[in-house]
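Okay, structure first, notes after.
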Amino acid sequence: MDESKSLNFIEQIIEEDLESGRHSTITTRFPPEPNGYLHLGHAKSICLNFGLAERYNGTCNLRFDDTNPEKEDVEYVDSIKEDVKWLGFNWNGEAHYASDYFDQLYEFAVELIKSGHAYIDDQTVDEMSTSRGTPTRPGKESPFRDRSVEENLELLEGMKSGEFAEGTRVLRAKIDMASPNMHMRDPVLYRIKHAEHHRTGATWFIYPTYDFAHGQSDSIEKVTHSLCTLEFEVHRPLYNWMIETLQIYPSRQIEFARLNLTYTVLSKRKLLQLVEEKRVTGWDDPRMPTISGIRRRGYTPNSIRNFADKIGIAKRDNLIDVALLEHSVREDLNKKSWRKLGILDPIKLIISNFPEDKIEYMQGINNPEDESAGKREIPFSKELYIERSDFMEDPPKKFFRLGPGREVRLKFAYIVQCVDFKKNSQGEIAEVHCTYDPATRSGSDTTGKKVKGTLGWVSAEHSIDAEIRLYDRLFLTEDLGAVDDDFKNHLNPKSLEVIESAKVESSLESATPGDQFQFERQGYFIVDNDSSEGKLVFNRTVSLRDNWAKGKP
RNA sequence: UGACCCAUGGUGUAACGGUAGCACUACAGAUUUUGGUUCUGUUAGUCAAGGUUCGAAUCCUUGUGGGUCAACCA
């Protein structure tokens, strides 16, 4: 189908492996630590791992890398599962956990000791840190490095049964303290933690480190291609050392560049700060780049998957323009959303020659991109609301909207001409007075009249009030990776503007949370969960492209 | 001041020794009862210098620039 599409470097590796017969099928995995909410960076990885499995008829596991109990929680496990499902992916079988393998991992540790490849080190954290050396200077071997197998086994057993206090000793691999790769200088394999684990409870007093758990878990699950981000590149020699030394299934680690987005932070640590310091309302604040945030904002699974597709996979560092993300939602929503009329900042428009009590029903096209969406009836009357920005007392030539004497079409309705306007005591426009031409009714216009502008409107009497939350980018700085002061200094103070009483068309009365619409000429909106009986709350997902606003100074 | 990784328009990403293509952005035009959509077009790129070759974005060397690594985090 997409034969013509060029392959990224990982797909090339996979196809080679398939062709050479090295693998007959592939297994990938998405391995989050359940210590926070997933964000767009994870979405890239999810789409990669699950997408590859789909494409090559393989399988993709969901595996929680839960080796650090203090930071982890089931709350995160649940949200991660929900987010993966929301993106439309199904993991193979049940979710897996590194903690499922704690017994096996312990056996591996015993094995390493027996073969002389691991030892218990009693040095303090500081001692170990100094003896590890620096990237430019080799480290020194620990004085405990040559303990006997028996003693090591005994001590490990002691660590396991909780005999020793936290921090008193660790299990280390015996590799090479002079290696130019810091990760090969006798890395820590097990540390003592007398902590409650969200799944294994209090059964363990020792927990494996990432380096001892991750690769082995891949191997246990017979993961063929273990994809991770570039910063793990230096761990690969260790990953392979474990496979060779333990003689276990040879999963292959392949690294790709993580996602960076303009005007966005994608780091669990920083996002956590925003939540904890209440700079946002929570992990699912619609301004957050978390999956739960963008979902609430109105981004669709489809738009995220398309986005992931467009940004590609490579090894070079990148900074993706957030405009590409916005393009992806607009593309998706344009095809699917039903159009509605909604006025964010209303002013009255009164049609002086329209009968006082008359109500006419206009035919509204639900979606010009999809004829099967059909039409709806929209009540039209003498008093309407239009957008404040659609009228100017003294408009420039290129302004295609209303001004004294000017004519515009009211969408799906009549052409009106402005004959007068009134201001309030603050000097703001309060009312615009027009006359309409009955012969210009939409669909049966006999005049052949052409106007430059078409305006949205709602009937004053029939429209319903709504709260609309307009979101803008959370940060003002394009490349937040390049700032050296506190990233929070770059927060956009106007990232949220709440409009308390917008006027929207009456057909929205039955809208429920999660429903998505386009307000014509405005943007895409989703009904928020904060909506209650009689009070709709909309989140603006993204505005429409606006070539007029762009041209203005 | 060591090891490893990376370098293609403004931003991403292809081209696998043989015409540098695609998407986004920007700009211009056409269509339009959304200043939306759609369509057409324009600007714009191989980090540098050497080398190999009939031919180099691609291979080699050197340089330059960027990134990663010194948690009992992942």
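Everything numeric in this text was worked out from a predicted model, so none of it was measured. Residue numbering restarts at 1 for every chain, and letters A, B, ... go by the order of the sequence lines.
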A:Tyr76-A:His198 aromatic ring centre distance below 6.0 Å
no
Using the benzene-type ring in the case of Trp, are the ring centres of A:Tyr239 and A:His235 under 6.0 Å apart?
no
Please report the distance, rounded to the nearest Å, between CG in A:Asn318 and P in B:A7.
12 Å
What is the distance, rounded to the nearest whole Å, between atom CG of A:Leu324 and atom C1' of B:U25?
9 Å
A:Gln518 (side chain) donor-acceptor with A:Asn334 (main chain) under 3.5 angstrom
no
Quick one: the side chain of [X] and the base of [N], do they pair up donor-acceptor inside 3.5 Å?
{"X": "A:Gln522", "N": "B:U34", "answer": "no"}
{"X": "A:Arg409", "N": "B:U33", "answer": "yes"}
{"X": "A:Glu369", "N": "B:G36", "answer": "yes"}
{"X": "A:Arg330", "N": "B:U37", "answer": "no"}

Report yes if at least one side-chain N or O of [X] is closer than 4.0 Å to OP1 or OP2 of [N]; otherwise report no.
{"X": "A:Arg401", "N": "B:U34", "answer": "no"}
{"X": "A:Arg137", "N": "B:C69", "answer": "no"}
{"X": "A:Asn8", "N": "B:U13", "answer": "no"}
{"X": "A:Arg191", "N": "B:A74", "answer": "yes"}
{"X": "A:Arg169", "N": "B:C72", "answer": "no"}
{"X": "A:Arg316", "N": "B:U13", "answer": "yes"}
{"X": "A:Lys44", "N": "B:G12", "answer": "no"}
{"X": "A:His183", "N": "B:C69", "answer": "no"}
{"X": "A:Ser6", "N": "B:G21", "answer": "no"}

Touch class at under 4.0 angstrom, heavy-atom based, for [X] against every strand present:
{"X": "A:Pro368", "value": "base"}
{"X": "A:Gly139", "value": "nothing"}
{"X": "A:Ile313", "value": "sugar-phosphate"}
{"X": "A:Lys268", "value": "nothing"}
{"X": "A:Lys335", "value": "nothing"}
{"X": "A:Leu544", "value": "base"}

Would you call the rings of A:His96 and A:Tyr101 parallel, tilted or perpendicular if under 30° counts as parallel and over 60° as perpendicular?
tilted
Please say whether the positively charged group of A:Lys270, taken as NZ for Lys or CZ for Arg, lies over the ring of A:Phe487, i.e. under 6.0 angstrom from the six-membered ring centre and within 45 degrees of the axis.
yes
Determine if A:Trp548 stacks with B:G35; use a centre-to-centre distance below 5.5 Å and an interplanar angle below 30° as the criteria.
yes
